[in-house]
Asker: 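This is the structure I have questions about; it appears just below.
In what follows, chains carry the letters A, B, and so on, assigned in the order in which the sequence lines appear, proteins first and then strands, with residues in each chain numbered from 1.
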Amino acid sequence: MALLTVEGITKRFGGLVANHNISFAVEQGEIVGLIGPNGAGKSTLFDVITGYYRPDAGEVRFDRHGLVGRRPDQVNRLGIGRTFQKLRPFHAMTVLENVMVAAMRHQADPSAARREALSYLEFVELLDKRDSYARDLSTGQRKRLELARAMATRPRLLLLDEVTGGVDQRTIPTLVQLIGRLREQGLTLVVIEHNMRVIMSISDRIVALHLGEVIADGPPSEVVKERRLIEAYLGDAFVVPSGERLPSGESSRGNA
Amino acid sequence: MATVDEPRAESPARRRQAGGREPRRGQASSHCPMATGGVAAPAGRRRLAGVLLLLLCLAALAFPWVFRLPYHRDLVIRVFLYAMLAQAWNILAGYCGQISLGHAVFFGTGAYASTMLQMRWGWNPWVGLVAGIPVAVALSLAIGSPCFRLRGHYFAIATIAIGEIVQTLAINWDFIGGARGLTLPFQKDSLLAFQFHTSKYPYYYIVLALLILCLLVSWRIEGTRLGYYFRAIREDPEAAQSVGIPITRYKLIAMAISAAFVSAGGSFYAQYVLYLDPDSVLPLSLSILICLLAVVGGVGTLWGPLVGAALLIPLSEFTRIQFGGTGRAVDLLIYGALLTLVAVFQPAGLVGLLRRWQRR
């Protein structure tokens with residue numbers, strides 16, 4: 001049985017349909033890349049899964065639990081951690097305190113939570129910044145802080161929204177490495193990512209959204225050939241009839 | 001679950017073996033490159049706070065022997081009472097970030113509850129003080145449950161509205177004296193009767209005990225999960241939810257603790273002044289004063305409310321003496337000016353200012 005199942009999720013904002021009848025499943029231990037142009041409904045879908053939005057139709061199942069109607073904190077307690085596209089650290093708290101708060105879900109005692117938090121900070125290589133205030137960190141550091149904070153709630157499934165967005169090129173390999181190490185720990189991941197090279201290399205499977213609908217679902221090597229995906233990203237002028245060659249050279253076909 | 005947790009659960013233990021208890025003991029030591037900021041400072045500050053609290057207790061205990069004029073004692077009693085109210089407000093607004101401008105409701109609840117129980121049913125005022133607390137807590141939960149759906153300014157506005165409604169109800173409710181108010185029956189001096197006419201000492205110590213209790217509770221909250229959760233909710237409610245914090249429940253906890261202390265303060269006030277009416281215990285101006293003291297002193301700090309009360313309450317007395325009836329609003333002018341200065345230059349209040357100097 002799949003760890004996470006999204007079944008026919010529809011979410012409207014007034015007349016705008018942000019998610020339309022979206023269905024896919026995530027298996028235990030899998031890394032699923034969620035891609036799509038801006039406005040495709042990726043972050044909305046994350047908000048629906050984690051309880052920030054209530055969908056107009058559909059159900060989300062996580063390990064036999066229905067998630068629709070649960071509050072975000074309840075969803076987290078079931079074992080789903082997340083990061084935010086627009087980063088949301090606790091600004092006036094130190095890096096260590098940010099992670100401690102999350103670890104306190106299991107460890108009410110501050111010194112025990114502190115020890116646990118330090119191990120996550122070591123994992124994301126922010127140990128030397130532990131006493132800085134979160135507001136003083138760079139974007140890349142904040143991304144890693146959010147990752148550590150999400151991990152400190154000991155999730156089984158992590159939803160990562162734009163891991164490399166707004167991060168300078170040199171930091172990207174560090175973040176990609178981190179994701180690899182998360183997988184080694186047995187975590188299941190759903191990752192929203194715009195950087196095609198990154199997402200193609202880390203994902204076992206890609207789910208592509210466009211205008212709120214799933215337009216492709218499969219291994220990276222197959223998804224990149226999908227006509228509708230290329231149309232969505234680049235317009236139909238770039239679609240090569242045979243689907244043999246990728247425009248723009250963003251990704252090579254053999255890397256998955 | 002277990003398979004996922006094991007590798008990570010192991011690593012803190014390993015570090016503890018390798019590095020001993022270094023992270024805890026060495027908070028202010030050299031291995032920490034930023035020893036002056038962040039966690040090191042709050043931890044050290046916490047110890048300092050404990051020492052200060054002790055010193056304050058000693059100084060306060062000695063105070064009545066230093067100042068012998070009843071007027072001075074009355075002034076200090078008021079300072080302590082308002083400091084306690086502001087600190088109670090600070091638990092909800094400072095730590096947890098929910099700005100209430102309706103705290104007079106809980107003050108009035110405490111004052112009316114203990115007085116009514118005493119006057120109608122002959123309850124002892126101490127029992128009345130204690131009995132008023134659950135009433136205020138229940139009321140705070142009833143107010144909080146719908147209002148905590150509102151964020152930021154909207155919550156503050158809702159609490160103003162509720163404060164006004166409650167005051168209007170009290171004015172028109174004859175059972176509790178309506179607009180005429182209630183005059184408490186005069187009784188002989190005794191601790192049991194909670195009335196002291198020959199000397200203000202006992203009032204002084206009672207309100208001091210309340211203030212110290214409130215400070216101790218706040219100090220304790222700061223160092224436990226409750227305090228961390230409150231701050232996380234203040235910083236970012238959505239992110240707090242994402243790490244499993246049921247934010248409404250914790251806001252209600254903050255509200256209940258806050259209301260409990262304010263209610264006790266209201267009961268004390270009724271026994272101290274022996275007269276209450278909706279205008280003296282339920283006005284919006286009281287709610288705003290409570291907030292103002294904490295803001296000027298330092299929101300979200302342990303000492304801010306006390307510093308604010310110690311500065312502003314005597315200031316208002318002083319202006320009243322200096323200008324008499326003609327200068328009735330002078331203290332408000334000064335409050336306003338101070339508030340503007342704090343808002344513009346030092347949002348962390350006077351305590352924040354002191355810390356900045358300390359760091360230099």
Side-chain angles (χ1 to χ4, degrees), chain A residues 50-52 71-77 79 81-84 87-98 100-105 107-120 122-123 128-134 146 149-156 184-188, chain B residues 1-16 19 21-24 27-28 31-43 46 97 222-250 300 347-348:
Chain A
T50 52
Y52 287 89
R71 295 192 311 263
D73 56 285
Q74 293 171 323
V75 172
N76 175 261
R77 275 158 196 270
R82 71 166 294 178
T83 64
F84 294 90
L87 295 169
R88 290 175 164 273
F90 303 125
H91 289 282
M93 296 169 82
T94 66
V95 168
L96 178 60
E97 286 172 329
N98 264 269
M100 275 173 72
V101 166
M104 280 176 168
R105 231 199 70 197
Q107 307 275 10
D109 174 36
S111 54
R114 184 187 153 85
R115 281 195 295 275
E116 189 171 330
L118 285 170
S119 75
Y120 295 114
E122 186 181 34
F123 182 83
D128 55 328
K129 288 281 178 191
R130 62 177 173 240
D131 293 330
S132 308
Y133 284 99
E146 284 222 347
R149 190 176 69 185
M151 285 175 65
T153 64
R154 300 189 190 164
R156 297 162 65 194
E184 285 164 24
Q185 300 210 341
L187 268 163
T188 308
Chain B
M1 194 81 207
T3 51
V4 182
D5 290 339
E6 265 168 23
R8 272 169 291 144
E10 220 175 62
S11 54
R14 245 189 291 124
R15 174 168 316 93
R16 215 166 2 136
R21 293 171 55 220
E22 204 175 25
R24 249 160 101 196
Q27 270 154 356
H31 87 282
C32 164
M34 301 192 60
T36 50
V39 164
R46 244 179 93 64
E222 278 189 1
T224 53
R225 173 159 79 177
L226 204 54
Y228 282 85
Y229 275 13
F230 285 172
R231 286 161 66 204
I233 292 168
R234 177 189 67 197
E235 289 300 310
D236 192 324
E238 267 97 33
Q241 284 185 298
S242 83
V243 295
I245 302 175
I247 57 173
T248 306
R249 185 186 312 163
Y250 278 90

Asker: To the nearest 0.5 Å, tell me how far A:Asn98 CG sits from B:Arg231 CZ.
Answerer: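 Reported value, rounded in 0.5 Å steps: 9.5 Å.
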Asker: Can you find a heavy atom in the side chain of A:Arg149 that is under 4.5 Å from one in the side chain of B:Val243?
Answerer: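 Side chain of A:Arg149 against side chain of B:Val243, heavy atoms only: contact under 4.5 Å found.
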Asker: Side-chain contact test, heavy atoms from C-beta onward, threshold under 4.5 Å: evaluate it for A:Val101 versus B:Ile245 and give yes or no.
Answerer: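 Heavy-atom side-chain distance check passes, below 4.5 Å.
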Asker: Measure the spacing between CE of A:Met100 and OH of B:Tyr228 and express it to the nearest 0.5 Å.
Answerer: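 Taking CE in A:Met100 and OH in B:Tyr228, the distance rounds to 3.5 Å.
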Asker: Can you name the side chain to side chain donor-acceptor pair (under 3.5 Å) partners of B:Glu235, sequence neighbours left out?
Answerer: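 For B:Glu235 there are no side chain to side chain donor-acceptor pair (under 3.5 Å) partners, ignoring immediate neighbours.
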Asker: Contact part of B:Ser242 toward chain A, heavy-atom cut-off under 4.5 Å: side chain, backbone, both or neither?
Answerer: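 Looking at B:Ser242, backbone and side chain both touch chain A.
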Asker: Any side-chain heavy atom of B:Arg225 within less than 4.5 Å of one from A:Pro110?
Answerer: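 Side chain of B:Arg225 against side chain of A:Pro110, heavy atoms only: no contact under 4.5 Å found.
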Asker: Report which part of A:Ala92 has an atom under 4.5 Å of a heavy atom belonging to chain B: side chain, backbone, both, or neither.
Answerer: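 Contact with chain B involves both backbone and side-chain atoms of A:Ala92.
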Asker: Treating A:Asn76 as the side-chain partner and B:Gly244 as the backbone partner, does any N or O pair qualify as donor plus acceptor under 3.5 Å?
Answerer: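 Checking the backbone N and O of B:Gly244 against the side chain of A:Asn76, a donor-acceptor pair under 3.5 Å is found.
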Asker: Under 4.5 Å, counting heavy-atom pairs only, tell me which of A:Phe84, A:Tyr52, A:Phe90 racks up the most with chain B.
Answerer: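 Result: the option with the highest number of such pairs is A:Phe90.
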Asker: Please name all residues satisfying ring pair (Phe, Tyr, Trp, His ring centres under 6.0 Å) with B:Tyr229, sequence neighbours left out, ordered by chain then number.
Answerer: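 Ring pair (Phe, Tyr, Trp, His ring centres under 6.0 Å) check on B:Tyr229 returns B:Tyr250.
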